[in-house]
Amino acid sequence: MRLEVLLFAEARERAGTDRLAIELPDEPAPTAGAVLETLARQPELAELVPRCRLAVAHRLAAGSDPVQPGDELALIPPVGGG
Amino acid sequence: MRLEVLLFAEARERAGTDRLAIELPDEPAPTAGAVLETLARQPELAELVPRCRLAVAHRLAAGSDPVQPGDELALIPPVGGG
Amino acid sequence: MDDGPSERCWVHIGPEPIDAAGLLARVADRDAGAQVLFTGTVRARTGGRAVRHLEYEAYVPMAQAQCREIAEASCARHGACRMAIAHRTGRLAIGEIAVAIAVSAPHRAEAYAASREAIEALKHEVAIWKREVFTDGSRWVYGCGS
Amino acid sequence: MDDGPSERCWVHIGPEPIDAAGLLARVADRDAGAQVLFTGTVRARTGGRAVRHLEYEAYVPMAQAQCREIAEASCARHGACRMAIAHRTGRLAIGEIAVAIAVSAPHRAEAYAASREAIEALKHEVAIWKREVFTDGSRWVYGCGS
């Protein structure tokens, strides 16, 4: 299946875009962890992704959480507001 | 010697005035403690003075601190600002 | 009664309404990354009784000197940049600000610590008295409150 | 992006300058005797380097939801009355307010505790990123800061 992932801050800068389309196999049912593994195979994100988490529908996901087309996915680098 | 003591809050209300004139012997040299003892002999203040302190020149005084004519003296009931 | 210009601390005790935003502006500092403003306001109820209003009385020159010492000591002990303290006197209605303390510091831990220390010292030590006026009587409030 | 009306908590994440006094007004409550306002501002120097400006980027709908959760949880845990949180995005000059948290509570201990908990959670968890821009380069700042 095709999924779109929003990118922010350092991830956005490294990738040179604020959203990436990725392809995952339909089986086994894709998870947040599988999305992160796929993103980590992008050369420009390889170094950063291990320090990131995935947000699904505005919430940080566990690696085993399921994702599906239509979910708003975002790669969340280490935060630093305030 | 004649000394004047400023009164505030409950002390002012009980005494019905915001300053009291008191007389102390010149010898031994009068102290903050002696001022408080004298004030405690005023019937309307007798109950309150044991819970008060004396301020001399805007500072809380120890009982043995000397006082002299011209010092600004004030009877300080328990405080409760804020 | 107002302090003159000061490097670090500013104090005001008087009957004028307290301008909390103005107090915050007084502690602006290029080296500060954190500001904490505390305001104490008149609650509608205390100890289960409906408050009509509060009355504050101060021994102004003494309270002024005490607040200045508290501000200087709190800044010095916690490495804060600037502190401003205002306490109102006279009759205050529900919701009005009785006391405000603004402090700036390089980092937030220092700003919170200095703010907390200053309000505790103010409530325990400064020559200011408070009377709660209810619909059916009044009383002087002693102790630090909370 | 703004919250709608709410009983207890209000959150705003966006590029507009933060009105600290307005935030304080949002937490007014007849049952509150204590308000604490925290503001985080841009320091002129960090780690010994002169800062030209800061840039904040937010994942707005997520940051908004996270701040609302933080505000609700901090109020509930400490018995606070109301909380308002604002975080600015975009380019900020020295001295400008990046984040502000206002809270009201019956008593001061609860107001300080809720305020401190909220700012710690915000800095550690919320989907907001900060870049420090120096005269000779820039960097993303990770970790909670201080």
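Please read these numbers as outputs of a predicted model, since none were measured by experiment. Note on naming: letters A, B, ... go to the chains in the order of the sequence lines (proteins, then strands), and numbering restarts at 1 for each one.
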What part of D/Ala28 lies closer than 4.5 angstrom to a heavy atom of chain C: side chain, backbone, both or neither? neither
Contacts of type side-chain hydrogen bond (donor to acceptor under 3.5 Å, both in side chains), residue C/Glu110, not counting sequence neighbours: none
Does D/Ala32 offer a backbone N or O that forms a donor-acceptor pair with the side chain of C/Thr41 under 3.5 Å? yes
Could you have a look at C/Leu24, C/Ile101, C/Ile94, C/Leu37 and say which one has the most heavy-atom pairs with chain D under 4.5 angstrom? C/Leu37
If the condition is side-chain hydrogen bond (donor to acceptor under 3.5 Å, both in side chains), which residues does C/Tyr56 pass it with, not counting sequence neighbours? none
Aromatic rings C/Phe38 and D/Tyr112: how do their planes relate, parallel, tilted or perpendicular, breaks at 30° and 60°? parallel
With sequence neighbours left out, what residues match D/Ala121 under side chain to side chain contact (heavy atoms under 4.5 Å, CB included)? D/Ile70, D/Glu125
Under a 4.5 Å heavy-atom criterion, the part of residues 43-55 of chain D in contact with chain C comprises D/Arg43, D/Ala44
